[in-house]
Amino acid sequence: MFIERIDIHPTHTKDKFKLRCGKPFPFGATLISGGVNFSIFSRHATSCTLVLFDKHASEPMAEIPFPKEFRIGNVYCMVVFDLDYENIEYGYRMDGPNNFSEGHWFDSSKILLDPYAKIIGGRDVWGVQPNWDDIYQHRAKIAFEDFDWQDDCLLEIPSEELIIYEMHVRSFTKHPSSNVKHPGTFAGIREKIPYLKELGINAVELMPIFEFDEFENSRQSPQTGETLLNYWGYSTLGFFAPKAGYAATGKLGMQADELKALIKALHQNGIEVILDVVFNHTAEGNEQGHYISFRGIDNQTYYMLTPEGYYYNFSGCGNTLNCNNPIVRGMVLDCLRYWVSEYHIDGFRFDLASILGRDPWGAPLSNPPLLETLAFDPVLAKCKLIAEAWDAGGLYQVGSFPDYGRWAEWNGKYRDRIRKFIKGDANVQDMALRLQGSPDLYAHTCRTPSASINFITAHDGFTLADLVAYNDKHNEANGENNNDGENSNNSWNCGIEGWTENQSVNSLRQRQIRNALAILMMSQGVPMLLMGDEIGRSKQGNNNTYCHDNELNWLDWTLLSKNSDLFKFVKNCIAFRKAHPILRQKNFLDRDSNNGYPDITWHGIRAWNPDFSDSSRTTAFMLRGRKANQHQKDDYIYVAMNMHWETHGFEIPKLNTSIKWHIFVNTGVTSPEDSWEPGCEPLLDNQQEILVGSRSVIILVGR
């Protein structure tokens with residue numbers, strides 16, 4: 001006999017609405033039988049009111065105070081029955097103390113966004129001016145989690161096998177030359193998956209896609225008069241909601257399904273999805289910022305505050321989330337679990353991750369609870385966790401980030417050393433460590449080379465084309481008198497600042513670009529390529545294009561035909577890396593000889609005689625052909641690097657007479673002979689010595 005559940009019956013009424021006490025977990029708005037369960041935490045609020053809007057309405061259609069008996073501990077929870085949940089938006093009013101010095105900002109006149117909102121309206125179409133008189137700018141909506149994933153799941157590509165491509169969703173296809181149906185959207189990326197596959201990458205790292213407001217701090221450009229926006233999105237409004245303006249269907253509220261369709265398609269093509277996430281601060285800013293969510297819900301809990309009530313600013317963006325408060329820690333964990341389980345995300349890169357290891361007063365913790373929790377969480381167990389191991393408060397932890405055997409790091413020391421080496425600065429000895437996966441940083445803590453995310457360029461800074469074309473940043477278009485952006489770029493313009501028709505300078509620049517890319521792909525660790533570097537994208541010397549929705553950021557797809565030789569070079573380098581397991585080692589290379597040659601040997605102009613002196617600008621290394629794993633026997637690889645301004649002959653290590661050297665890369669010659677498809681490398685005429693041109697890299701394969 002069927003007995004009807006008692007908990008689907010209302011116990012209270014408010015006007016036309018039937019209510020009952022809800023479940024405190026999960027937080028947020030959850031569809032249940034017959035209604036919606038609303039749950040929100042506030043430790044210090046004295047009362048809470050649910051505010052309901054008809055979709056897009058200017059005024060609420062109802063306000064329902066939570067009865068006292070609907071508060072369980074510090075959680076307000078209520079079921080509202082018979083809602084037309086497809087056509088409503090909701091928010092909250094919180095009342096409580098308003099005392100700045102005590103850290104309380106309660107104001108019941110403000111309508112607040114649910115921190116756990118899964119869909120957020122208000123900025124549904126990118127760049128469309130909002131109604132600034134709207135009393136509720138960013139509106140929580142009910143999510144429908146019924147996407148058909150079929151048999152999709154996390155790809156679980158071993159970290160050492162990754163080749164990461166960092167990209168901005170809108171920039172990737174917004175340029176008219178992209179020729180996609182929906183430029184600048186998740187759907188647009190789907191059309192370009194064949195390009196990503198041809199390039200050879202197997203992971204995309206998407207710059208922030210959590211809901212943000214592109215009009216935050218918008219202003220007019222002093223140069224062009226166009227509107228400067230919060231383009232990059234490092235200012236989160238809602239951690240659980242995808243950016244509506246990045247979806248062709250955002251105006252229909254279908255951004256979640258469009259993003260899921262993209263992830264599913266990428267997975268079908270063997271490409272993982274890593275999200276760049278920003279848990280160090282929120283869009284509410286400093287003391288002059290806006291009420292959006294956390295400030296009005298429980299400011300003292302969510303933010304790191306000085307004893308006087310001001311915001312600590314270790315993020316450089318006005319406030320700092322109190323990430324090691326148990327409530328905030330729980331929210332971060334809930335968020336990441338949600339993206340893994342509901343969106344099948346393969347990994348996360350944490351912006352300014354050192355903040356996540358600070359206590360509520362800003363001091364670094366020796367055992368940060370949040371970092372430990374994420375490392376050992378069962379839901380996140382197969383996810384990549386990547387730290388930007390520094391913050392704006394001066395805490396720099398590259399090589400010392402609390403990793404718990406799980407965290408990898410953006411290796412800023414790799415970036416800096418490779419840049420310096422390529423421009424001709426010495427210190428080959430440090431260079432040698434970076435090429436081996438930085439064992440000096442990671443081996444002593446029992447980490448592996450894949451702890452090092454190797455990159456030479458990223459969204460923040462010069463592109464590779466600009467790195468060899470500009471000595472100085474040129475950020476005047478940002479409207480900050482060129483004071484923003486990094487001043488120390490370790491760049492070299494090859495003799496002329498900026499664009500030039502000088503052929504010798506342009507040839508040198510092309511050689512330098514190839515040098516950087518070849519070294520990146522020959523390094524132990526995980527290589528990360530910046531969007532567009534494979535086809536020579538430039539940002540005209542601007543190293544901080546955070547505010548530009550224009551061709552400074554958009555990828556110009558005509559470069560693919562203009563620089564097809566560079567694209568072929570990068571494609572070949574990636575394919576070569578994939579073809580040779582010795583380049584993707586799970587453990588650090590052994591320099592001791594147990595059976596024949598060591599895993600890696602260092603050389604100079606003379607074989608077996610490396611020059612690690614302070615003034616040396618030439619070096620070479622050889623990787624031993626061996627069983628790089630249990631299934632494959634690899635070839636020998638020899639890499640000679642000459643960053644001197646003169647040509648040098650390099651003596652090639654002599655191996656078994658049955659092994660012959662073939663040439664894979666020579667950046668000192670022009671296309672098509674600057675690189676070859678793996679397996680098609682021509683035999684080297686002189687097996688004893690090779691001339692390496694000035695500022696050039698040569699890669700040989702012995703088989």
Side-chain angles (χ1 to χ4, degrees), residues 5 7-8 22-23 25-40 50 52-56 77-91 113-125 138-155 169 182 185-190 193 206 209-211 237-269 272-273 275 333-346 379-380 382-383:
R5 289 172 57 99
D7 60 2
I8 65 170
K23 303 291 185 182
F25 292 109
F27 291 151
T30 307
L31 292 173
I32 63 169
S33 178
V36 180
N37 187 86
F38 295 93
S39 176
I40 186 168
L50 175 67
L52 298 175
F53 289 81
D54 289 319
K55 190 178 291 184
H56 306 309
C77 48
M78 174 169 61
V79 175
V80 182
F81 292 93
D82 302 324
L83 283 176
D84 182 10
Y85 47 79
E86 293 190 33
N87 294 296
I88 66 164
E89 298 163 335
Y90 73 97
L113 176 68
D114 181 3
Y116 279 71
K118 307 301 192 302
I119 298 290
I120 298 175
R123 302 294 184 269
D124 299 328
V125 180
H138 308 288
R139 300 183 170 210
K141 300 181 181 183
I142 308 295
F144 308 101
E145 296 169 351
D146 56 356
F147 183 79
D148 183 7
W149 283 102
Q150 295 177 306
D151 58 353
D152 182 79
C153 60
L154 273 65
L155 296 184
V169 169
H182 300 290
T185 65
F186 300 128
I189 296 175
R190 284 183 68 187
I193 290 176
L206 302 180
I209 64 166
F210 293 176
E211 188 63 64
L237 284 168
F239 294 98
F240 293 77
K243 173 67 177 163
Y246 281 169
T249 56
K251 59 187 176 183
L252 305 175
M254 297 294 292
Q255 57 265 37
D257 280 4
E258 186 173 324
L259 174 57
K260 291 173 183 178
L262 168 62
I263 295 167
K264 182 178 176 181
L266 287 166
H267 282 176
Q268 288 170 343
N269 286 276
E272 291 194 338
V273 180
L275 297 187
L333 181 60
D334 289 345
C335 174
L336 298 178
R337 285 174 168 175
Y338 177 75
W339 283 96
V340 170
S341 60
E342 190 58 38
Y343 285 85
H344 294 199
I345 294 300
D346 301 277
V379 178
L380 306 180
K382 302 298 183 180
C383 279

Verdict with reasoning, Val169 to Ile209, per side-chain contact (heavy atoms from CB on, under 4.5 Å): CA-CA 8 Å; Val169 169; Ile209 64 166; 3.7 Å; yes
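When side chains are defined from C-beta on, Phe144 counts as touching Leu31, because their heavy atoms get closer than 4.5 Å. For the pair Phe240/Ile120, no side-chain contact is recorded, criterion being any heavy-atom separation below 4.5 Å from C-beta on. Considering only heavy atoms from C-beta on, Pro26 stays 4.5 Å or farther from Asn37 through its side chain. The side-chain heavy atoms of Phe38 and Asp114, taken from C-beta on, include no pair separated by under 4.5 Å.
A donor-acceptor contact shorter than 3.5 Å is absent between the side chain of Asp346 and the backbone of Leu154. A donor-acceptor pair under 3.5 Å is formed between the side chain of Lys118 and the backbone N or O of Tyr116. Of the possible donor and acceptor atoms, one in the side chain of Lys264 sits under 3.5 Å from a partner among the backbone N and O of Asp148. In this structure, Glu258 contributes its side chain and Ala187 its backbone to a donor-acceptor pair below 3.5 Å.
Arg190 contributes atom CZ, which lies 10.0 Å from atom OG1 of Thr185 (distance to the nearest 0.5 angstrom). To the nearest 0.5 Å, atom CZ of residue Arg123 and atom CG of residue Leu237 are 8.0 Å apart. The CD1 atom of Ile40 lies 9.0 Å from the CZ atom of Phe27; values are rounded to the nearest 0.5 Å. Distance check, rounded to the nearest 0.5 Å: CD1 of Ile193 to CG of Asn269 gives 5.0 Å. The distance from the CG atom of Leu259 to the CH2 atom of Trp339 is 5.5 Å, given to the nearest 0.5 Å.
With sequence neighbours left out, Glu145 forms a side chain to side chain donor-acceptor pair (under 3.5 Å) with Tyr338. Under the side-chain contact (heavy atoms from CB on, under 4.5 Å) criterion, Ala244 pairs with Asp124, Glu211, Gln255, not counting sequence neighbours. For Lys260, the salt bridge (Lys or Arg N to Asp or Glu O under 4.0 Å) partners are Glu342, not counting sequence neighbours. Taking Leu333 as the reference, Arg337, Thr373, Leu374, Asp377, Leu380 meet the side-chain contact (heavy atoms from CB on, under 4.5 Å) condition, with sequence neighbours excluded. For Arg139, the salt bridge (Lys or Arg N to Asp or Glu O under 4.0 Å) partners are Glu89, Asp134, not counting sequence neighbours.
When all heavy atoms of Ala140 and Ala117 are compared, the pair lying nearest together is CB-CB, 3.6 Å. Here the closest non-hydrogen pair linking Tyr90 and Ala29 is OH-CB, 3.4 Å.
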Could you list the donor-acceptor pairs under 3.5 angstrom formed between side-chain atoms of residues 78-86 and any protein atom two or more places apart in sequence or on another chain?
residue, atom, partner, partner atom, Å
Asp84, OD1, Asn87, ND2, 3.3
Asp84, OD2, Asn87, ND2, 3.0

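Shown are Val273, Ile263, Leu262; of these, the side-chain contact (heavy atoms from CB on, under 4.5 Å) with Tyr343 is made only by Ile263.
A parallel orientation is assigned to the rings of His344 and Trp149, their planes being inclined by less than 30° (bins at 30° and 60°).
Counting heavy-atom neighbours within 6.0 Å of Lys55 NZ, excluding the residue itself, gives a total above 12.
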